[in-house]
Protein chains: 2
Amino acid sequence: MERVTIKEVAEAAGVGVATVSRVLSGGSASPETRERVLAVAAQLDYRPSALGRNLRQRRTGGMGLLVPDLTDTFYGRLAEGVLSCARTAGEPVMVGSTGGDPEQEAELIGMLLEQSVDRVIAVPAGGPDAWAPAIRSGMTVVFADRLPGEPASEDSEDSESGYDEPLDELEALDGLPRRARTPAAPDLPAVLADDRAGIRTAVRYLRGLGHREIAFLGNTGHASRVAAFREATDDGLVVLAEVSRDAAYAAASGLFQSNPDVTAVLAGGNVLGEAAVLAARELDLRIPRDLSLIMFDDVPWAELCAPPLTVISQPARDLGYRAAELVLRADGRRRPRSVLLPTELIIRGSCGPRLKK
Amino acid sequence: MERVTIKEVAEAAGVGVATVSRVLSGGSASPETRERVLAVAAQLDYRPSALGRNLRQRRTGGMGLLVPDLTDTFYGRLAEGVLSCARTAGEPVMVGSTGGDPEQEAELIGMLLEQSVDRVIAVPAGGPDAWAPAIRSGMTVVFADRLPGEPASEDSEDSESGYDEPLDELEALDGLPRRARTPAAPDLPAVLADDRAGIRTAVRYLRGLGHREIAFLGNTGHASRVAAFREATDDGLVVLAEVSRDAAYAAASGLFQSNPDVTAVLAGGNVLGEAAVLAARELDLRIPRDLSLIMFDDVPWAELCAPPLTVISQPARDLGYRAAELVLRADGRRRPRSVLLPTELIIRGSCGPRLKK
DNA sequence: CCGCTCCATGGAAACGATTCCATCATGACG
DNA sequence: CGTCATGATGGAATCGTTTCCATGGAGCGG
């Protein structure tokens, strides 16, 4: 377990430690010294310890990655993108799973702070307030998939919706229309999929099939999709679920049971889509005859499903890769710019013309 | 970005740094001193920097986690288990994705070594030789899902199989029967699913349905499953694929096309199962009429598939959680003991009686 | 031949914690 | 009352690197 230190290399090469350090980190040195040091280092199999370096530089290399749930293949793919970029850069990645819970997220941020990790890629759970301290303290944060925003609030124009609609104090106070509630995209660097365009084309497609009562089955926490859906449907029915398969199923099941006149559903993620298929099957709603379904996020099994699911595909892996690039390139003082990646509507077999009613 | 250091806390509390350190890490101190120090630390919002501690202790806290591919939900679930255990312990986790490639794995091991991460959970890609140096250098390694072994070799008793069967020098040399080629489980700590039992019951189930020509569609690298299958079927047909969806599809498609008399397939993982369904569909093989399919690893979409897939479920999340427990508890010098978790055959709709021939 | 610049070089000071060890006070016991 | 044990305490060493700074030699122009 004895580690070779720079001191031993210096001694063996007959030079000072400073010279070894310089040679190894690309500083100036005479050709013959450089060669000798490199030879000795290779022969001793010397690898500089990140510990010493980190302490001296008062920062840990690499980056942190915070996602809601690695069980969701979307985040799995996103994480793969991040890891892949990090690996080519030889940087370590500390991964944390927040469960979509701001509290756990805060804990993990604290952990990263303690580790002096100053570059983070996050699919945020908490709002801007949760992230402001970290950013102000010098962390370079790049958000992926979504920006930190107030959690989307469940809500519908259908008064028959059985869901309780909590009073929204903000709205009551300032009387802003709902879609303005999503905080104006703050000046935060982010790599996002073009949700709005994806949702708009999906809604247009469903409208084209004759659907009028379109519902959105979304995630709390993904405010932008909810906002985009409301914008596209003029405040259509929205039902939200927490990050968990059980919650998703409950939400989907509740949506179908309480809103029999809904003929088309847009699921805001693959877990929600899965829940929707399951719940529909359980309630004996046939897809696409009784119910048209579009799912956000293309996954391999969408094709295996019966019927194959029409989806809005997102470049999950690229989101992660680009975010990692941004956070790595952000060596300077300036903040990285944001990136918007395209989505695509892939039509398979889960949508049909509106038949009933 | 100014960080509060232990020195400032000591000064503010009117004590020495040693005392602060002792108080914060549970050493002895007089009650009043302890209280004062704690109060000051809380007031200054002091968080000890992991950097200093790590350097002094010559080890990085937390653990490393190496998996083949986070895109595969099995590893996603496994990773969630690890992260969940690590979070309760407040430990950071460095995650790397090997792509099932020993070379990339070696690089990542090097990276962890450089970071002085001395506790690692790994789904190994390389063989025992790849891991021996790391272990000998003092790393505590707990393997998950599989042990490091020689890559399983593709092979069949059916001479009509179109696959090239490379000469196996080892076997030629010592003349051991094939199933003995899997290295005798070395004395390595690991958390594994009971592959052998799972495969045995699956094969028995298929036999009970009348199937004689059963093929295994497996991963290179998962030698134990291949061995278990050979044992259960008396060296039945085995086709292997690398860790990638494309390779899996190619392998499945090749298997079906070259071996028309195969009536049942056991897929060694969810990616392979997915590939098998896809390939079967492409070749117009109806499941379960023309082909019975059992997939290793239960995934949410197995139920959504048409037909719903009969699977051998494994407690992926528990595998990860238990592995993390082991690696964390291994503070002492003794190696952690291995753990074997049960699998379960879940019968759904992808297997039927043998009809053709 | 002097003085200047430029470069290679090594010693030593950080970085922020833990931990060894010496010191000091206090109380107990002979 | 002296001695010893005990426990709290702070100074200083330590971990392995990077980086600042001083030194010294070489090269060059005047």
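Note that the coordinates shown come from a computational prediction; the quantities given were computed from them, not determined experimentally. Below, chains carry the letters A, B, ... as their sequence lines are ordered, and counting in each starts from 1.
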Any donor-acceptor pair under 3.5 Å joining the side chain of B:Arg56 to the base of D:dG16?
-> no
Under 4.0 Å from OP1 or OP2 of [N]: is there any side-chain N or O of [X] that close?
{"X": "A:Arg58", "N": "C:dG16", "answer": "yes"}
{"X": "A:Tyr46", "N": "D:dT17", "answer": "yes"}
{"X": "B:Ser28", "N": "D:dA8", "answer": "yes"}
{"X": "B:Ser49", "N": "C:dG16", "answer": "no"}

Neighbour count above 12 (heavy atom, 6.0 Å) for [X] [atom1]:
{"X": "A:Arg146", "atom1": "CZ", "result": "yes"}
{"X": "A:Gln57", "atom1": "CD", "result": "yes"}
{"X": "A:Gln104", "atom1": "CD", "result": "yes"}

Using a cut-off of 4.0 Å on non-hydrogen atoms, how would the nucleic acid contact of [X] be classed: base, sugar-phosphate, or nothing?
{"X": "B:Thr33", "value": "sugar-phosphate"}
{"X": "B:Leu51", "value": "nothing"}
{"X": "A:Ser21", "value": "base"}
{"X": "A:Ala18", "value": "base"}
{"X": "B:Gly16", "value": "sugar-phosphate"}

How about B:Val243 and B:Asp101: do any of their side-chain heavy atoms sit closer than 4.5 Å?
-> no
In whole angstrom, give the distance that lies between atom [atom1] of [X] and atom [atom2] of [N].
{"X": "B:Asp118", "N": "D:dC15", "atom1": "CG", "atom2": "C1'", "answer": "15 Å"}
{"X": "A:Gln115", "N": "C:dG16", "atom1": "CD", "atom2": "P", "answer": "15 Å"}
{"X": "B:Glu11", "N": "C:dG16", "atom1": "CD", "atom2": "C1'", "answer": "15 Å"}
{"X": "A:Asn54", "N": "C:dG16", "atom1": "CG", "atom2": "P", "answer": "13 Å"}
{"X": "B:Arg47", "N": "C:dA17", "atom1": "CZ", "atom2": "C1'", "answer": "15 Å"}
{"X": "A:Arg59", "N": "D:dT18", "atom1": "CZ", "atom2": "P", "answer": "13 Å"}
{"X": "B:Leu24", "N": "D:dG10", "atom1": "CG", "atom2": "P", "answer": "14 Å"}
{"X": "B:Glu35", "N": "D:dA8", "atom1": "CD", "atom2": "P", "answer": "15 Å"}

Minimum-distance nucleotide to A:Leu55 side chain [options: D:dC21, D:dG10, C:dG16] | C:dG16
Side chain of A:Arg53: nearest nucleotide among D:dT9, C:dT19, D:dT17?
-> D:dT17
Say you draw a straight line from CZ of A:Arg34 to CG of A:Leu24; how long is it, rounded to the nearest 0.5 Å?
-> 9.0 Å
Would you mind telling me which residue lines up with the more 5' stretch of DNA chain D, B:Gly52 or B:Ser30, judged by nearest nucleotide?
-> B:Ser30
Nearest-nucleotide check on DNA chain D, A:Ser25 vs B:Gln57; residue mapping nearer the 5' end is B:Gln57
Set out, line by line, the N/O atom pairs under 3.5 Å between protein and nucleotides 22-28 of chain D.
none

Do A:Glu325 and A:Arg322 pass the salt bridge (charged side-chain N to carboxylate O under 4.0 Å, His left out) test, and can you show the C-alpha distance, the side-chain angles, and the key distance before you say yes or no?
-> CA-CA 5 Å; A:Glu325 274 186 335; A:Arg322 299 290 297 271; 3.7 Å; yes
Among A:Asp118, A:Val142, A:Ile121, A:Thr140, the one residue meeting side chain to side chain contact (heavy atoms under 4.5 Å, CB included) with A:Met63 | A:Ile121
Is a salt bridge present between A:Glu8 and A:Arg3, judged by a nitrogen-to-oxygen distance below 4.0 Å?
-> no
